[in-house]
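In what follows, a single structure is set out as structure tokens and then discussed.
Numbering of residues begins at 1 and proceeds along the displayed sequence.
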Amino acid sequence: MSDPKPRPDFITVVSGLPRSGTSLMMQMLAAGGIPPLTDELRAPDESNPRGYFELEAVKKLRTDQSWLDRARGRSVKIIHLLLRELPVDGRYSYRVIFMKRPLGEVLASQSAMLARQGKPSADPAMLEKIYAAQLSQVEEWLSQQSCFSVLNIDHRRALQEAPAVGREVADFLGADLDLNAMTAAVDPALWREK
């Protein structure tokens, strides 16, 4: 019996704006063979019927980074605004899969999710300006950090060209992933706000 493959030393981070396809990418990675670091506290719902793949501890990244050692060799979802809270002192290296989705679709999806929860949504024009500025700042910051490698993945391509996107992700991570399982994890019917 051969030894199991050693887990890579880097942390695979899935990031992007809310409703940009981060849960979709986490599903693809999990199906492909990269275990997610999640606590499953946020249950699947109508907005994300296959689950959110979140870790509550991520929200406290600024004050508690004790869980990062457990993230090595795994995937973890970290919202775009919290990427700058990750330590850049050389203890960790990160490969970030950054999900991109047109802001109009992000805002429509977010508005639909809030409506399902009975919550009001903010002014779309204001949110669009805020998100655009945040993305610009995060992208600039990431480009200046030597411990980060970034692969941008378009949400639409992940849904429409899953085999090709799976191959790009596998190459980026240097991992032998199950590309058929990654493709099977994609459900284009869940792409509701276009």
Name every donor-acceptor pair, under 3.5 Å, that has one atom in a side chain of residues 125-133 and the other anywhere in the protein, sequence neighbours excluded.
residue: Tyr131; atom: OH; partner: Gln110; partner atom: OE1; Å: 3.1
residue: Tyr131; atom: OH; partner: Gln110; partner atom: NE2; Å: 3.1

Separation of Met99 CE from Leu17 CG (nearest 0.5 Å): 11.5 Å
With Lys60 via side-chain hydrogen bond (donor to acceptor under 3.5 Å, both in side chains) - residues at least two apart: none
Shortest non-hydrogen contact from Met26 toward Ser75: CE-OG, 3.5 Å
Any idea which heavy atoms bring Gly32 and Met182 closest together, and the distance? CA-CG, 3.5 Å
Partners passing side-chain hydrogen bond (donor to acceptor under 3.5 Å, both in side chains) against Asp64 (at least two apart in sequence or in another chain): Ser66
Residue pairs meeting salt bridge (Lys or Arg N to Asp or Glu O under 4.0 Å), one or both in residues 78-92, sequence neighbours left out, come to Arg62-Glu85, Asp89-Arg91
Step-by-step salt bridge (charged side-chain N to carboxylate O under 4.0 Å, His left out) determination, Glu105 to Arg156: CA-CA 10 Å; Glu105 287 185 23; Arg156 181 182 304 252; 3.0 Å; yes
Please report the C-alpha distance between Lys77 and Ser15 in whole Å, then the side-chain angles of each, then the deciding distance to 0.1 Å, and finally whether the side-chain hydrogen bond (donor to acceptor under 3.5 Å, both in side chains) criterion is met. CA-CA 6 Å; Lys77 187 161 87 167; Ser15 191; over 6 Å; no
What's the shortest heavy-atom distance between Arg95 and Phe172, and which atoms? NH1-O, 3.0 Å
Look only at the side chain of Arg72 and the backbone of Ile11, and say whether a donor-acceptor pair between them is shorter than 3.5 Å. no
Residues in side-chain hydrogen bond (donor to acceptor under 3.5 Å, both in side chains) contact with Asp171, at least two apart in sequence or another chain: Arg167
Just do the side-chain hydrogen bond (donor to acceptor under 3.5 Å, both in side chains) check on Asp9 and Tyr92 with the steps written out, would you? CA-CA 8 Å; Asp9 195 44; Tyr92 302 99; over 6 Å; no
Which pairs of donor and acceptor atoms, one on a side chain in residues 137-151, lie under 3.5 Å apart (sequence neighbours left out)?
residue: Glu139; atom: OE2; partner: Lys100; partner atom: NZ; Å: 2.3
residue: Ser143; atom: OG; partner: Glu140; partner atom: O; Å: 2.6
residue: Gln145; atom: NE2; partner: Trp141; partner atom: O; Å: 3.3

